[in-house]
There are 2 protein chains.
Amino acid sequence: MFNQFRNKLPLTDEKWIEYTNHFNRIEVPAKTILLEEGEISKKLFIIEKGCIRVWFNNNGKDLTTQFFFENQSVASIESFMKKFPSPVVIETIESSVLWWISRDDLNKILEEIKEIPEMRDRLFDMLFERTFDYMKHFVSFIKDSPTQRYLNLIKERPQIVQRVPQHYIASYLGVSTVHLSRIKSKLVQKK
Amino acid sequence: MFNQFRNKLPLTDEKWIEYTNHFNRIEVPAKTILLEEGEISKKLFIIEKGCIRVWFNNNGKDLTTQFFFENQSVASIESFMKKFPSPVVIETIESSVLWWISRDDLNKILEEIKEIPEMRDRLFDMLFERTFDYMKHFVSFIKDSPTQRYLNLIKERPQIVQRVPQHYIASYLGVSTVHLSRIKSKLVQKK
DNA sequence: GGCAGACGATAACATTTGTTATTATTTTTT
DNA sequence: AAAAAATAATAACAAATGTTATCGTCTGCC
């Protein structure tokens with residue numbers, strides 16, 4: 001599972017083995033809730049197989065804010081880092097194979113890792129990338145029509161369109177399920 | 001100008017003086033363009049007095065994505081860090097007093113600062129905060145109506161409503177200028 | 001094999017939002 | 001002080017999007 005990271009990270013084999021020992025493998029069915037709303041997040045997950053969505057309840061409707069697939073890590077970051085009650089729910093979409101690590105273990109590892117300049121810079125880069133992603137996403141809301149946002153999604157994150165039920169995608173794009181269905185049928189007509 | 005930071009940063013006086021010497025003070029009138037679209041950003045600005053917006057041209061209309069006020073730092077981050085042509089324009093709204101530092105000088109300082117654990121952690125925290133901010137902003141687009149977003153703005157960033165011309169705020173909220181005007185008049189009626 | 005629930009398409013209607021044009025007011029420039 | 005430019009409100013109409021309801025299909029489960 002972790003081989004994909006191994007080549008990229010400048011760690012000794014001993015360190016590597018020590019770190020990976022902190023991870024725990026679990027298998028869960030579809031629609032498993034990994035973190036409840038209001039719960040304080042204690043685990044960060046890495047997806048070996050499957051997919052996950054992050055959502056929250058807004059006046060009885062659930063709004064999906066993020067999707068995650070293989071090899072991505074997932075947590076309610078604000079809750080995980082700052083020990084706040086999580087504003088969001090983390091839930092599997094497909095049946096999944098996951099690895100999780102506790103906050104304490106991860107923090108210990110992070111503290112060690114930050115001392116290695118190369119790793120530290122990589123962490124900064126990752127954080128920057130995350131920030132850019134959110135920025136782009138926000139910009140697309142003031143720049144693009146819902147139809148354009150859907151086309152962007154097909155192009156840039158085809159996995160979402162292929163693997164995620166449509167009504168989850170609708171709220172992610174900021175439109176109703178009915179309207180997303182309309183968007184799709186109009187696109188088919190034009191072809 | 002930099003006294004506000006001084007107490008918070010664990011640096012020696014010598015280091016402090018060395019660092020602040022890299023900053024240059026300028027005064028510019030309103031509507032001064034600090035970075036053109038397509039230009040590679042070489043300066044990061046700190047605002048002593050005044051305010052700034054970041055915007056880009058989309059099919060002839062300019063869309064504002066960010067506002068900055070006193071004591072905030074401003075750059076087209078992606079362009080500044082990665083030497084990409086800037087996708088955005090940086091422009092003063094009011095006449096302003098600014099301090100700028102070159103990329104090379106800032107990078108040197110950052111490399112030094114990252115070696116101080118306390119400073120390094122502070123940098124991580126700042127980056128995290130930025131990420132959270134964008135996340136919140138994105139969520140408000142799928143969660144809130146334009147009216148609600150405007151009310152949020154009044155509450156959370158009153159400076160924007162007070163100091164920024166309304167047509168810039170409209171695009172920031174993702175609505176037309178006409179509609180923002182309608183939103184305001186409806187809110188007045190309800191009171 | 002049948003049943004229940006999840007999922008998605010569609011129609012009809014209501015509401016929101018955008019567009020274009022006009023006007024008034026304020027601010028800046030000359 | 002006058003002229004020009006920027007800003008904001010409003011009306012009338014067009015287009016986009018939401019809501020509610022209905023129906024059909026598919027899937028997993030017993």
Side-chain angles (χ1 to χ4, degrees), chain A residues 28-33 50-51 53 55 58-64 67 91-96 140-151 153-154 160-191, chain B residues 28-33 50-51 53 55 58-64 67 91-96 140-151 153-154 160-191:
Chain A
V28 295
K31 301 205 179 192
T32 303
I33 291 184
C51 81
R53 73 185 181 113
W55 61 274
N58 188 55
N59 296 121
K61 299 190 174 172
D62 64 282
L63 301 182
T64 300
F67 298 105
E91 182 180 340
T92 55
I93 294 174
E94 307 171 353
S95 75
S96 305
S140 97
F141 270 84
I142 67 175
K143 181 184 170 205
D144 299 323
S145 66
T147 302
Q148 191 56 53
R149 284 204 294 283
Y150 182 67
L151 290 171
L153 206 64
I154 292 175
I160 293 183
V161 183
Q162 287 154 13
R163 294 171 64 178
V164 174
Q166 193 168 310
H167 58 292
Y168 297 154
I169 299 177
S171 64
Y172 181 77
L173 291 176
V175 298
S176 66
T177 55
V178 176
H179 194 59
L180 178 53
S181 182
R182 268 196 294 243
I183 287 170
K184 282 182 65 177
S185 78
K186 279 202 180 171
L187 287 174
V188 174
Q189 281 173 35
K190 286 186 180 167
K191 288 176 186 172
Chain B
V28 295
K31 301 205 179 195
T32 304
I33 290 183
C51 80
R53 73 183 179 115
W55 61 275
N58 189 53
N59 295 122
K61 299 190 173 172
D62 64 284
L63 301 181
T64 300
F67 298 106
E91 182 180 339
T92 55
I93 294 174
E94 306 171 352
S95 75
S96 305
S140 96
F141 270 86
I142 66 174
K143 180 184 171 204
D144 299 323
S145 66
T147 303
Q148 190 57 52
R149 284 204 294 282
Y150 182 67
L151 290 171
L153 206 65
I154 292 174
I160 292 181
V161 182
Q162 287 153 13
R163 296 170 64 178
V164 174
Q166 193 168 310
H167 58 291
Y168 296 153
I169 299 178
S171 65
Y172 180 76
L173 292 176
V175 298
S176 67
T177 56
V178 176
H179 193 59
L180 178 53
S181 181
R182 268 194 296 239
I183 287 170
K184 281 181 67 177
S185 78
K186 279 201 180 175
L187 287 174
V188 174
Q189 280 173 34
K190 286 188 182 171
K191 289 175 186 172

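Below, each value reflects all heavy atoms present in this structure, side chains not excepted, and no hydrogens, waters or symmetry copies. Here is how names work: the chains are called A, B, and so on, in the same order as the sequence lines, proteins then strands, and each is numbered from 1.
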Original post:
5'-most contact on DNA chain D: R182(B) or K31(B), nearest heavy atom basis?
Top reply: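 Going by which nucleotide is closer to the 5' end, it is K31(B).
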
Subject >> 5'-most by nearest nucleotide on DNA chain D - T177(B) or P146(A) >> reply: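 It is T177(B), whose closest nucleotide lies nearer the 5' terminus.
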
Go through [options] for me and flag the one nearest to the [X] side chain.
{"X": "V178(A)", "options": "dA6(D), dA9(D), dT19(D)", "answer": "dT19(D)"}
{"X": "Y168(B)", "options": "dT19(D), dT7(D), dT17(D)", "answer": "dT7(D)"}
{"X": "S181(B)", "options": "dG18(D), dT20(D), dT10(D)", "answer": "dT10(D)"}

Rounding to an integer number of Å, can you tell me how far [X] [atom1] sits from [N] [atom2]?
{"X": "L180(B)", "N": "dA9(D)", "atom1": "CG", "atom2": "P", "value": "8 Å"}
{"X": "N59(A)", "N": "dG18(D)", "atom1": "CG", "atom2": "C1'", "value": "15 Å"}
{"X": "I93(A)", "N": "dG28(D)", "atom1": "CD1", "atom2": "P", "value": "15 Å"}
{"X": "F141(A)", "N": "dA16(D)", "atom1": "CZ", "atom2": "P", "value": "19 Å"}
{"X": "R163(B)", "N": "dT7(D)", "atom1": "CZ", "atom2": "P", "value": "16 Å"}
{"X": "H179(B)", "N": "dA16(D)", "atom1": "NE2", "atom2": "P", "value": "16 Å"}
{"X": "Q162(B)", "N": "dA8(D)", "atom1": "CD", "atom2": "C1'", "value": "18 Å"}

Subject >> Set of residues satisfying side-chain contact (heavy atoms from CB on, under 4.5 Å) with respect to D144(B), sequence neighbours excluded >> reply: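 Per chain and number, D144(B) pairs via side-chain contact (heavy atoms from CB on, under 4.5 Å) with S140(B), Q148(B), R149(B), N152(B).
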
Original post:
Taking 5' to 3' order, which nucleotide of DNA chain C is first and which is last to have an atom within less than 4.0 Å of a heavy atom in chain A?
Top reply: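 Under 4.0 Å from chain A, the extent on DNA chain C is dA6(C) to dA12(C).
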
Atom pair [atom1] ([X]) and [atom2] ([Y]), whose distance is rounded to the nearest 0.5 Å:
{"X": "S171(B)", "Y": "L180(B)", "atom1": "OG", "atom2": "CG", "answer": "10.0 Å"}
{"X": "S145(A)", "Y": "L173(A)", "atom1": "OG", "atom2": "CG", "answer": "10.5 Å"}
{"X": "T147(B)", "Y": "K186(B)", "atom1": "OG1", "atom2": "NZ", "answer": "7.5 Å"}
{"X": "R182(A)", "Y": "T177(A)", "atom1": "CZ", "atom2": "OG1", "answer": "9.5 Å"}
{"X": "L63(A)", "Y": "Y172(A)", "atom1": "CG", "atom2": "OH", "answer": "13.5 Å"}

Original post:
Does dT19(D) have OP1 or OP2 sitting under 4.0 Å from an N or O in the side chain of K61(A)?
Top reply: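 Answer is yes, contact under 4.0 Å.
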
**OP:** Kindly say if H167(B) contacts the phosphate of dA6(D), meaning a side-chain N or O under 4.0 Å from OP1 or OP2.
**Re:**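 Checking H167(B) against dA6(D): no side-chain N or O falls below 4.0 Å of OP1 or OP2.
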
Original post:
Could you give the angle between the helix axes at the two ends of the helix from dG1(C)-dC30(D) to dT30(C)-dA1(D), with five pairs per end, rounded to 10 degrees?
Top reply: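 Nearest ten degrees gives 50° for this helix.
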
Subject >> Backbone of I33(A) reached by a side-chain donor or acceptor of T92(A) within 3.5 Å >> reply: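 Checking the backbone N and O of I33(A) against the side chain of T92(A), no donor-acceptor pair under 3.5 Å is found.
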
**OP:** Determine, for F67(B) and R53(B), whether the Lys NZ or Arg CZ falls below 6.0 Å from the six-membered ring centre while staying within 45 degrees of the axis.
**Re:**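 No, R53(B) does not sit over the ring of F67(B).
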
Subject >> Note: K31(B)-E91(B) ion pair, threshold 4.0 Å (strictly below) >> reply: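 Salt bridge absent between K31(B) and E91(B).
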
